[in-house]
Amino acid sequence: MTKIIDGKLVSQKILENIADEILFLEKKPSLAVIIVGEDPASKIYVNLKKKKATELGINSTVIEMHETTTEESLLNKIEELNNDEKTNAILVQLPLPKHINTTAVIEKINPKKDVDCFHPYNVGKIATNNKPYVYPCTPKGILSLLEYYDINPEGKKVVIIGRSNIVGRPIALMLLNKNATVTICHSKTKNLEEITQTADILIAAVGKTKLVTENMVKTGAVVIDVGMNRDENGKLCGDVDFSNVKEKVSFITPVPGGVGPMTICTLMHNTLELAKQQNAIN
Ligand code: GUN
C-alpha cells in the first residue's frame, strides 16, 4: 500500500513546537526579507513567509526594493542588516534582476544570519560534513519528512534529478553525510530512466511537469517531488506523474501538500535557531 507523505501534517507539528518555544523567549526572533522587483511568484512567496512568521511570534520585516535598484544599494542594505543587532536572519528572495550579481549578494550576508544556508561558508561546512549555522530550507524539510516516516537513507541508493544550488546540490551532500549512495542527474544525463529505475529514494527537483513517469521508478521506491509547476489547466503540479507513479511506490509526496509546506516551516525553524545562537540560548 502506498503511503502519501503528508507535508502539511508534519510541518504543522513542527510549527506548533516552534510557536511554543518562541512563547517562552524573552527576545523574539527577527527575520528580514529583501525582495527586489515585482516578480509575482516571489511576491506570493514573500507574503507567505511574512504571514507565517507573524503567526508564530517572529518579528518579520519585508524590505521592498525597486527593480532598478543598484547592486551597491542592495549590498549596503545587507550590510545595514548584518550590523543590526535586532535582525537575526536575513533572506534575499531569488531570483534577482539580471543586472545584480547574485553571488556577490549572497556572499555579503553574514554567515551567522544566512537563514537560507546559501553562503559559501555554510555550504562549505555541509560539503565537508561539518555543521553550518543552519541547514538549507527545502533539503532540511525533505530530511524531516523522511525522518517522520522512519525512512533511513543510510545505505540506500538515492537518485536526485536536478543540480540547483537551492535543492539538488545541497540535498545530495546532506544525504551523503547520512551515508546514502547518491547519484545526481541533470539535463545532460544520458539514459535517465535507467538510472532512476535503480533508486530506493528518488528526488525530483527540476521544474518539469510529469517528467517522472511510472516506468522510471522501481516498485516500492520512495518518491519525493520538489517540483512546483502549473499544468495545462493552470493547476499546481510537481515533476512527478503522481496518479500513475503512486500505484507503484511505497511512499510519495503530493504537490501541493508535500515538500512545499516543509520549506516554509524550516525557514521559521532556522530563524528561531539563528536567534538562539545569537542570544546564546541552548
Ligand atoms: N527563491 C526560490 N526559492 C527560494 C529560497 O528557498 N530562498 C530564497 N532566498 N529565494 C528563493
Side-chain angles (χ1 to χ4, degrees), residues 7 11 31-53 58 60-65 67 69 71 74-75 77-78 81-82 87-98 100-123 126 132-145 160 162-174 203-208 224-230 236 238-239 255-256 258-271 273-274:
S11 65
L31 168 69
V33 178
I34 304 179
I35 177 166
V36 185
E38 301 291 326
D39 181 66
S42 291
K43 282 190 149 183
I44 292 172
Y45 291 137
V46 166
N47 285 334
L48 282 174
K49 288 166 188 174
K50 180 164 175 61
K51 187 165 167 268
K52 190 53 76 186
I58 292 172
S60 75
T61 321
V62 175
I63 298 147
E64 295 182 38
M65 301 184 84
E67 181 79 33
T69 294
E71 185 176 311
L74 177 54
L75 295 177
K77 178 46 83 179
I78 295 170
L81 295 169
N82 282 343
T87 302
N88 303 120
I90 303 170
L91 182 148
V92 179
Q93 186 66 27
L94 303 180
L96 289 166
K98 287 206 168 54
I100 296 178
N101 179 341
T102 302
T103 304
V105 169
I106 288 171
E107 290 183 5
K108 186 72 180 176
I109 299 171
N110 182 337
K112 293 182 177 177
K113 298 190 176 187
D114 173 29
V115 74
D116 271 315
C117 189
F118 286 170
H119 192 286
Y121 173 89
N122 287 317
V123 177
I126 298 178
Y133 285 104
V134 287
Y135 289 90
C137 298
T138 302
K140 170 118 194 290
I142 294 171
L143 293 191
S144 301
L145 286 177
I160 298 158
R163 54 176 158 178
S164 71
N165 288 343
I166 298 186
V167 185
R169 281 170 209 265
I171 188 71
L173 290 167
M174 288 162 72
I203 301 176
V206 260
K208 270 197 179 166
I224 305 291
D225 190 350
V226 188
M228 287 271 254
N229 317 308
R230 299 268 165 199
L236 194 63
D239 292 346
V255 177
V259 174
M262 295 305 292
T263 298
I264 194 151
C265 155
T266 309
L267 174 66
M268 300 301 130
H269 178 262
N270 282 357
T271 303
E273 269 309 304
L274 293 179

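Both counts, for ligands and for their atoms, begin at 1 and track the order of listing. Residue indices begin at 1 and follow the sequence shown. Every heavy atom of this structure was used, including side-chain atoms; hydrogens, water molecules and symmetry mates were not.
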**OP:** Record the part of Leu267 in heavy-atom contact with ligand 1 below 4.0 Å; permitted values are side chain, backbone, both and neither.
**Re:**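 Neither; no heavy atom under 4.0 Å.
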With only distance considered, is [X] within less than 3.5 Å of ligand 1 through an N or O on each side?
X: Val92; answer: yes
X: Leu94; answer: yes
X: Asp116; answer: yes

[X] side chain to [Y] backbone, donor-acceptor under 3.5 Å:
X: His119; Y: Asp114; value: no
X: Arg163; Y: Arg169; value: no
X: Asp116; Y: Phe118; value: no

Original post:
Under a heavy-atom criterion of less than 4.0 Å, does Tyr45 contact ligand 1?
Top reply: no
**OP:** Mind checking salt bridge (charged side-chain N to carboxylate O under 4.0 Å, His left out) for Lys140 and listing every partner two or more places apart, or none if nothing turns up?
**Re:** none
Subject >> Which residues share a salt bridge (charged side-chain N to carboxylate O under 4.0 Å, His left out) with Lys208, sequence neighbours left out >> reply: none
Original post:
Side chains of Cys265 and Cys137: does their closest heavy-atom pair fall under 4.5 Å?
Top reply: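 Not in contact.
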Subject >> Donor-acceptor pair between Lys49 and Gln93 side chains, under 3.5 angstrom >> reply: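 Side-chain D/A pair, Lys49 to Gln93: present.
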Subject >> Closest approach of any protein heavy atom to atom 4 (C) of ligand 1, naming residue and atom >> reply: Ile166 CD1, 3.9 Å
Original post:
So which heavy atom in the protein is nearest atom 11 (C) of ligand 1, and how far is it from that ligand atom?
Top reply: Gln93 NE2, 3.5 Å
Original post:
In ligand 1, which numbered atoms sit nearer than 4.0 Å to a non-hydrogen atom of Phe118?
Top reply: 7 (N), 8 (C), 9 (N)
Original post:
In terms of atom number and element, which parts of ligand 1 are under 4.0 angstrom from non-hydrogen atoms of Leu91?
Top reply: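 By the 4.0 Å cutoff, the relevant atoms are 9 (N).
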